[in-house]
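The basis for the numbers below is simple: all heavy atoms, side chains too, and nothing from hydrogens, waters or symmetry mates. Counting convention: from 1, in listed order, for ligands and their atoms alike.
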Amino acid sequence: MPEPAHDPIPLASPPPKPNLPGEVLVREGVDDLIDALAADLYFQARACVRTFGDFHLALSGGSTPEPLYRRLMYDPRLREFPWKKTHLWQVDERCVGEGDDRRNWKMIAGLLLDHSDIPRDQVHPMPVLEPDGDERYERELRTVLEWRERGHDRLDYVLLGMGGDLHTASLFPGSVALEARAGRLVVFNDGPGVVPPRRMTLTYEMLNASRFLCVLVTGEGKREAIGRLVGGGLERSEAPVTGVRPLGGVLRWYLDRGACPVSGS
Ligand code: 6PG
């Protein structure tokens, strides 16, 4: 007896692509998305090492990038990642003690440092407990990047996340760090608007000078926030992520279907 005919497997409709500034890459699920992001990061890292001899990578905390950091360590396709030539920087940090679970560096170091061969003098945790830690980090950035030819003295790849309140890095709506004065690359951020504890963060000036800025946003919990961005008309002070506008570099959003508003735009 022939098997009863089945309906053909329906063609999946492609995930909708929200209309956001810059490039937008949407994948069905987090795994596919991490695949695409990791491939882009790998490509950038190798290209920068070929061109400049090193690669400057700044990473965010939060929970969204954890699967990416794990993937970077175990995926055999990424085995040739040039960790030995990579400088690891932080996008932002919470001003809490080293062992505190809220510390971004604890997560980053636990997932990446312990399993890669990055030379220890190329890792740059933010000195958040030093009273002048912001100025020290700024100096460290300037000093290390100074080795690059002028014009290339910038971060090569910055991984950002986004909160439901549209903050990115530790640039919170209505907070003082949004108005950091020209020339400041790193500042503390505190006061009304900042979700405690106090933070240290790269400024717009530092972020927007980067070669490649990636904003990774996943899950339905962020869908409404993406919808607000798509709606447009938001001031930077209420939606800090809209202040991320690279001067000459690339801005690319990485979204899973869950984070995308149903109609796309
Ligand atoms: C942090 C960040 C922050 C983060 C967003 C998203 O330290 O909190 O760097 O900007 O990327 O808050 O956080 P989730 O990934 O946890 O949603």
Side-chain angles (χ1 to χ4, degrees), residues 20 29-31 33-34 37-38 41 57-72 88-98 100-112 124-129 133-134 137 155 157-178 180 185-190 193-204 206-208 210 212-229 236-244 251-256 258-260:
L20 296 167
V30 173
D31 238 35
L33 187 65
I34 297 295
L37 199 165
L41 172 57
L57 170 65
L59 297 178
S60 284
S63 54
T64 312
E66 282 186 35
L68 170 69
Y69 300 162
R70 285 183 210 286
R71 176 73 64 88
L72 289 173
L88 199 57
W89 300 93
Q90 283 193 274
V91 167
D92 66 329
E93 185 57 287
R94 295 134 201 228
C95 301
V96 290
E98 269 180 30
D100 194 304
D101 286 340
R102 292 169 295 173
R103 186 98 171 217
N104 289 340
W105 190 252
K106 191 174 175 194
M107 184 269 281
I108 295 169
L111 293 177
L112 293 181
H124 309 279
M126 285 180 154
V128 285
L129 298 182
D134 52 349
Y137 206 62
L155 292 168
Y157 193 103
V158 177
L159 177 76
L160 295 171
M162 187 191 82
D165 61 354
L166 301 179
H167 81 262
T168 192
S170 281
L171 299 166
F172 289 90
S175 64
V176 288
L178 303 184
L185 309 181
V186 186
V187 292
F188 281 114
N189 200 13
D190 203 357
V194 175
V195 176
R198 180 174 190 243
R199 318 281 182 122
M200 187 188 286
T201 185
L202 300 185
T203 60
Y204 286 124
M206 187 72 213
L207 293 174
N208 287 335
S210 308
F212 195 107
L213 276 154
C214 135
V215 192
L216 173 64
V217 186
T218 62
E220 289 180 18
K222 302 277 171 73
R223 183 180 287 174
E224 195 191 324
I226 294 289
R228 284 181 64 207
L229 288 176
R236 188 177 89 169
S237 56
E238 53 180 333
V241 72
T242 61
V244 175
L251 169 62
R252 190 173 295 165
W253 294 78
Y254 292 80
L255 309 172
D256 70 343
C260 294

Which of these passes side-chain contact (heavy atoms from CB on, under 4.5 Å) with Trp105: His124, Gln90, Glu98, Arg94?
-> Gln90

Under 3.5 Å, side chain of Arg199 to main-chain N/O of Asp92, donor-acceptor pair present?
-> no

Do the non-hydrogen side-chain atoms of Leu185 and Leu202 ever get within less than 4.5 Å of each other?
-> no

Examine ligand 1 and decide if any of its atoms is less than 4.0 Å from a heavy atom belonging to Val91.
-> no

Expected output: side-chain Glu93 to main-chain Met126 donor-acceptor under 3.5 Å = no

Which option out of Glu66, His167, Met162, Arg94 puts a heavy atom nearest to atom 12 (O) of ligand 1?
-> His167

For atom 17 (O) of ligand 1, find the nearest protein heavy atom and state the residue, atom name and distance (0.1 Å precision).
-> Lys222 NZ, 2.7 Å

With backbone taken as N, CA, C and O and side chain as the heavy atoms from C-beta onward, which portion of Glu93 lies under 4.0 Å from ligand 1: side chain, backbone, both, or neither?
-> neither

Please indicate whether Glu238 has more than 12 foreign heavy atoms, meaning atoms of other residues, nucleotides or ligands, lying under 6.0 Å from its CD.
-> yes

Fit a plane to each ring of Trp89 and Tyr137, take the angle between them on a 0 to 90° scale, and name the class: parallel (under 30°), tilted (30 to 60°) or perpendicular (over 60°).
-> perpendicular

Near Asn104, which atoms of ligand 1 are under 4.0 Å from a heavy atom of that residue?
-> 1 (C), 7 (O)

Between CG on residue Leu229 and CG on residue Leu166, distance to nearest 0.5 Å = 5.0 Å

In terms of atom number and element, which parts of ligand 1 are under 4.0 angstrom from non-hydrogen atoms of Gly161?
-> 11 (O)

Near Thr64 (heavy-atom distance under 4.0 Å), the atoms of ligand 1 are 14 (P), 15 (O), 17 (O)

Flag side-chain contact, heavy atom, 4.5 Å: Val244 against Asn208 | yes

Under the salt bridge (charged side-chain N to carboxylate O under 4.0 Å, His left out) criterion, do Arg228 and Glu224 qualify, and how do the steps go?
-> CA-CA 6 Å; Arg228 284 181 64 207; Glu224 195 191 324; over 6 Å; no

So is there a nitrogen or oxygen of Thr168 less than 3.5 Å from a nitrogen or oxygen in ligand 1?
-> no

Hey, which atoms in ligand 1 end up nearer than 4.0 Å to a heavy atom of Ser60?
-> 9 (O)

Less than 3.5 Å between some nitrogen or oxygen of Ala169 and one of ligand 1, yes or no?
-> yes

Might you work through the salt bridge (charged side-chain N to carboxylate O under 4.0 Å, His left out) test for Asp100 and Lys106, ending with a clear yes or no?
-> CA-CA 8 Å; Asp100 194 304; Lys106 191 174 175 194; over 6 Å; no

Looking only at non-hydrogen atoms, the one of Val215, Asp92, Thr218, Leu171 nearest atom 9 (O) of ligand 1 is Asp92

Quick one: which ligand 1 atoms are inside 4.0 Å of a heavy atom on Gly61?
-> 9 (O), 11 (O)

Counting from 1, what ligand 1 atoms have a heavy atom of Ser63 closer than 4.0 Å?
-> 14 (P), 15 (O), 16 (O)

Write out the residue and atom name of the closest protein heavy atom to atom 13 (O) of ligand 1, then the distance separating them to 0.1 Å.
-> Gly62 CA, 3.9 Å

Arg199 near ligand 1, heavy-atom distance under 4.0 Å?
-> yes

